[in-house]
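Below is one structure, written out as structure tokens; the observations come after it.
Keep in mind that this is a model prediction, so the values were computed, not measured. Reckoned from all heavy atoms, side chains included, excluding hydrogens, waters and symmetry mates.
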Number of protein chains: 2
Amino acid sequence: MKRATLKEVATLAGVSTATVSNVLNETKNVSDEVKNKVFSAIQELNYQPNIVAKSLRVQESRIIGLLISDIANPFFSIVVRGIEEELAKSDYSILLCNTDSSVEKEDKYLKVLIGKRVDGLIVSSTGNTGDYFRSMEKTGVPMVFLNRCPDFMVSDVIMTNNIKGSYSGTEHLIRHGFEKIAIITGPISISTGKDRLTGYKRALEDYGITESDELVKEGNFDIESGYTKMKELMEQDNKPDAVFISNNSMTLGAYKYLKESGISIPDQLAVVGYDDSDWADIVDPPITTIKQPAYELGVHAARLILARIINKQVKREITYMDTELIIRHSCGCNKENPYSCESNKLETTSGCI
Amino acid sequence: MKRATLKEVATLAGVSTATVSNVLNETKNVSDEVKNKVFSAIQELNYQPNIVAKSLRVQESRIIGLLISDIANPFFSIVVRGIEEELAKSDYSILLCNTDSSVEKEDKYLKVLIGKRVDGLIVSSTGNTGDYFRSMEKTGVPMVFLNRCPDFMVSDVIMTNNIKGSYSGTEHLIRHGFEKIAIITGPISISTGKDRLTGYKRALEDYGITESDELVKEGNFDIESGYTKMKELMEQDNKPDAVFISNNSMTLGAYKYLKESGISIPDQLAVVGYDDSDWADIVDPPITTIKQPAYELGVHAARLILARIINKQVKREITYMDTELIIRHSCGCNKENPYSCESNKLETTSGCI
DNA sequence: GAATTTACGAAAAACAATTACAGAAGAACT
DNA sequence: AGTTCTTCTGTAATTGTTTTTCGTAAATTC
């Protein structure tokens, strides 16, 4: 079925195309009489404005590109909901690009995003080469990076305070009295991975615990690497008595390994994870974790990109959002008094149980 | 920064616009000599083809609209990954529309999708009014419905076999010997909700168990309704000894309630859920569930829509994909021999523990 | 050497909207 | 009555491609 055009509407209504456009966009006063003629012509032809033609003419697509590493990760999917709901209010649509953190997919998508003339770009993924990011920057399209930012970019960034977050998670384990605290990090080439490692190290240092390279495992932020890195940790001579795991997927993988091999949490190994989930409190045992404000992160990113689109001259903005330590039982806190370890803080030596 | 146009590339390279277009799209033979001139002009001007202009001219957007009720639901986010990976292979992008199953958001998005002239539409959400669906159908844009299809549509549909799935889940509980088996359904206005209820009823009927209206609760497919409906069930006089829950979010909500109120699974209440999740085997107790082939569902949907775009004349296709019963422990199957109930099937009366 | 094929240019016609500019008609003012 | 001001509406240019037509010149084939 051929779609009706504005021109056809105009001829049927007996007016000019300019007039039709003006009634549609309310850009100029049009008499009620003419308006009605136009509306009934629109009705009769079942006319739907062609937004791609409009985009070409007015040079804006009303589309925001969203470059994300894994939409199936609950953290990201909540972020996306935040973005979506905020953008929907301003009638922007989102073009979803799932990259698997692959440089090739990233570059490929960036290319189509430039071609499709998106009005802005929200990035929460990076394979970190950046040729296409640079050419994106040259085009002047506003970008905001979310939680991960390649060093060479000077765009807006909105982050959770990763260092502080992992510091508090590690600190919590230290206060429990654990001394051989391991960490499963994300790729240290990614800022998130690096920062969470930094927070861990800083906590150990502040509490006078010497760190051991053997207790630092670099994972890949996915379930599988959580599983294998956990396995490595528990099969080596220098076993940890607690572990801090840098994201939800790896925590899941680690849990799978620990359950499978009958290692009891927290008795044989205490764990604190990163990212809260809907299921974190019904697993066995419920996971103590660093919660990121995922939804708010998305909302903020959306607002920032919209602000940038309206006014491109604003100074670079770097926002840090705070994390929250959610205490459950995988760290060793007990059921009756889950906050006991917080209340007797530094005085404890052997934890709060 | 003003972007370079094809025309500018042409003049810089000293060739015609037709030629530049031909080298870019490889639509006609062009000598290497000329090609090189064009390429270096492109390089020099940092030219990026304007796809919206192209879209206008060739009347295709290379965008598939994706109407989905909740991207944060792990089932859907896996489906989306399947769709994304398949579409990426053919250089189609996806425009993400999260609807919350709200009629208003659905209509609004449908309108922008029509306006943006998407080449196809994958729908896994429905508030079920359908005025805009109908006008979408009139435009001739290919649509495939995924797991939920409004009755009045005659588009392609790809479904999991919901009736069979919930039948086997219910049957499993029956074989355990439970007689007061409740169900928490989704909205029965949605086909998924209705069909899963049908499967449940059919199983009860086949095994000669009289059904009770009190044991049928209609939820909303979200965590909260799982919680409240579970609560209703356990607080009424006619308590169930087992429950079948029609999706993952409601199962999660139900679990939360049961843990909170100290009801032991499966001793006091056995549960079988719908939708498998990464975390289903690490919760306490691990959830027995009906697994849908989420990723494959997405891949299939993507392939179908691409086939439709290429050839619009194909007959309507309705595909059913099979579910799988994943036996863990929430149903009462024990750890040592998780499949015992399957092996002594109908002979058991009081379950397999 | 004639006929055909190939490579390319120039120019213009789509594609479907927006918008600057101009013109006409009527109202309001001198 | 003539002038100015609104208020409405039409004309035509513009956005960046692709594609068609027509034409020319060189290369290839017979």
So what does [X] hit on the nucleic acid, given a heavy-atom distance under 4.0 Å: a base, only sugar-phosphate, or nothing?
X: A/T19; value: sugar-phosphate
X: B/G14; value: sugar-phosphate
X: A/T17; value: base
X: A/V52; value: nothing

Measuring from the side chain of B/A18 (C-beta onward, heavy atoms only), which nucleotide among D/dT20, D/dT9, C/dA17 has the closest atom?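 In terms of side-chain proximity for B/A18, the closest of D/dT20, D/dT9, C/dA17 is D/dT20.
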Which of the following nucleotides, C/dA17, D/dG16, C/dT18, is nearest to the side chain of A/S21?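 Taking heavy atoms from C-beta onward, the closest nucleotide is C/dT18.
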Whole-Å distance separating the [atom1] atom of [X] from the [atom2] atom of [N]:
X: B/K7; N: C/dG9; atom1: NZ; atom2: P; value: 16 Å
X: A/E26; N: D/dC8; atom1: CD; atom2: P; value: 14 Å
X: B/N22; N: C/dA7; atom1: CG; atom2: C1'; value: 10 Å
X: B/R57; N: D/dT15; atom1: CZ; atom2: C1'; value: 15 Å
X: B/L24; N: D/dT18; atom1: CG; atom2: C1'; value: 11 Å
X: A/L6; N: C/dT19; atom1: CG; atom2: P; value: 12 Å
X: A/E60; N: D/dT15; atom1: CD; atom2: C1'; value: 13 Å
X: A/N25; N: C/dA17; atom1: CG; atom2: C1'; value: 9 Å

Judged by each residue's nearest nucleotide on DNA chain C, which is more toward the 5′ side, B/S16 or A/K54?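 Upstream on the strand: B/S16.
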Hey, is the side chain of [X] poking within less than 4.0 Å of OP1 or OP2 on [N], counting only N and O atoms?
X: B/S31; N: C/dC8; result: yes
X: A/Q48; N: C/dA16; result: no
X: A/N29; N: D/dC8; result: yes
X: B/Q59; N: C/dA14; result: no
X: A/T5; N: C/dA16; result: no

Is the shortest distance from a Lys or Arg side-chain nitrogen in B/E85 or B/K89 to a carboxylate oxygen in the other one below 4.0 Å?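 No salt bridge links B/E85 with B/K89.
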Between B/R81 and A/D100, does at least one N-O distance fall below 4.0 Å, as a salt bridge requires?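 Yes, B/R81 and A/D100 are salt-bridged.
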Taking all atoms of both residues into account, what is the closest heavy-atom pair of A/L306 and A/S90, and its distance?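 That closest heavy-atom pairing would be CD1-OG, 3.4 Å.
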Are side-chain N/O atoms of B/N50 and B/T5 paired as donor and acceptor at under 3.5 Å?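 No pair is found: no donor N or O on one side chain lies under 3.5 Å from an acceptor on the other.
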For residues B/F221 and B/F75, establish whether the separation of their ring centroids is below 6.0 Å.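 Between B/F75 and B/F221, which both carry aromatic rings, the centre distance is not below 6.0 Å.
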